[in-house]
2 protein chains.
Amino acid sequence: MHTELQLDNQICFRLYTAARLITQAYTPMLNTLGITYPQYLVLMVLWEKDCQLVNDIAHRLLLETNTVTPLLQRMEKEGLVKRTKGKEDGRQTLVTLTKKGCELEEQAYNSIPAGMAKELRACPLKFKDYEHLAEELDSIINTLNNK
Amino acid sequence: MHTELQLDNQICFRLYTAARLITQAYTPMLNTLGITYPQYLVLMVLWEKDCQLVNDIAHRLLLETNTVTPLLQRMEKEGLVKRTKGKEDGRQTLVTLTKKGCELEEQAYNSIPAGMAKELRACPLKFKDYEHLAEELDSIINTLNNK
DNA sequence: TTCAATTAAATCGCTTGCGATATAAATTAT
DNA sequence: ATAATTTATATCGCAAGCGATTTAATTGAA
């Protein structure tokens, strides 16, 4: 038996599981808003700065356009964003928030942060722990992303 | 602008991204073995203890059977595991490693741990940091799983 | 200029992950 | 014993992720 190959010793399995479970925790709240978690990520990017290229959004989320394009197409069908071909550079696609997409920010603000706090109320981690966690995750993300 | 809704303030986005990137880092090594990351997880479960029920595997990985069953079916088609109906309880399905599935353990042992160490060589985290990270992730996982 | 690279998105095919439902075998209640 | 319930898996449908390829527009080089 190789202890290196034990599930309990795998940081990757923990990341995989924690990511799934926390996304699941978001899901009921996001369902109320009629969106999925990746759609919520795209909206957060656009709430920070409206009217961005597909590539900008993909880059911000560290995703490829072959993930983002279909995601945006579904979001357009849902009336959350509008996609328009670039005037100067015809290869580009500009993504803009619709009124509906804009208005979701307030609704999200009124439910998501408090909702997540509630989900994690039983978690023994303190503010400082979450800060550490964020730093450690950023280390891993930066290492693997700049390769 | 609601700072609570900024991507940079989201622990969930970090988890989501770190999980994706570290899985991507595994992928070339796993390709060499002819398996995917979730299949690797199943194999680790069976390497720890061969011959388990679908439910045991799902429970160990914190997944549902509607994820694990098709995964196992694909693995059976690849000749990694065998699925047999339970003799005593006809509802159960027993999952066993094939010779091929067994032998992958040595191959994995010879390539994966060293390969991942190499991928993360540039990461500033030390042994103690990874320990902390594991504890923090376990806190989150336990909190969200026991709800 | 003209044709070969580059770039931005989109498309395709496949595996996951998961909510919802179905199937079928065992257990429990009446 | 028979019907209702529970349990173990499986099936279905859809949204992601992503490797690989394609399309179309722009840039660059000869």
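Sequence lines set the chain letters: A, B, ... in the order given, protein chains first and strands last, and positions in each chain run from 1.
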[N] OP1/OP2 closer than 4.0 Å to side-chain N/O of [X]:
{"X": "B:R74", "N": "C:dC14", "value": "no"}
{"X": "B:T69", "N": "D:dA10", "value": "yes"}
{"X": "B:Q24", "N": "D:dC18", "value": "yes"}
{"X": "A:Y16", "N": "C:dG17", "value": "yes"}
{"X": "B:T36", "N": "C:dT16", "value": "yes"}
{"X": "B:T23", "N": "D:dG17", "value": "no"}

Suppose we call a contact any N or O donor and acceptor under 3.5 Å apart; does that hold for the side chain of B:N66 and the base of C:dG19?
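Per atom types, the contact qualifies.
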Quick one: label B:R20 by what it contacts on the DNA or RNA (base, sugar-phosphate, nothing), any heavy atom closer than 4.0 Å.
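The residue B:R20 makes sugar-phosphate contact but no base contact.
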Base, sugar-phosphate, or nothing: which does B:T65 touch, judged by heavy atoms less than 4.0 Å apart?
base
Whether B:Y16 and A:Y37 hold their rings parallel, tilted or perpendicular, with breakpoints at 30° and 60°
perpendicular
Would you mind checking if B:K99 and B:E103 are paired as a salt bridge, meaning a charged N to carboxylate O distance below 4.0 Å?
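Yes, charged N to carboxylate O under 4.0 Å.
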Does the B:Q10 side chain pair with the main chain of B:E4, one donor and one acceptor, at a distance under 3.5 Å?
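Flag set: sc B:Q10 to bb B:E4 pair under 3.5 Å.
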Can you list, in residue-number order, the parts of residues 76-98 of chain B that come under 4.0 Å of DNA chain C, counting heavy atoms only?
B:E88, B:D89, B:G90, B:R91
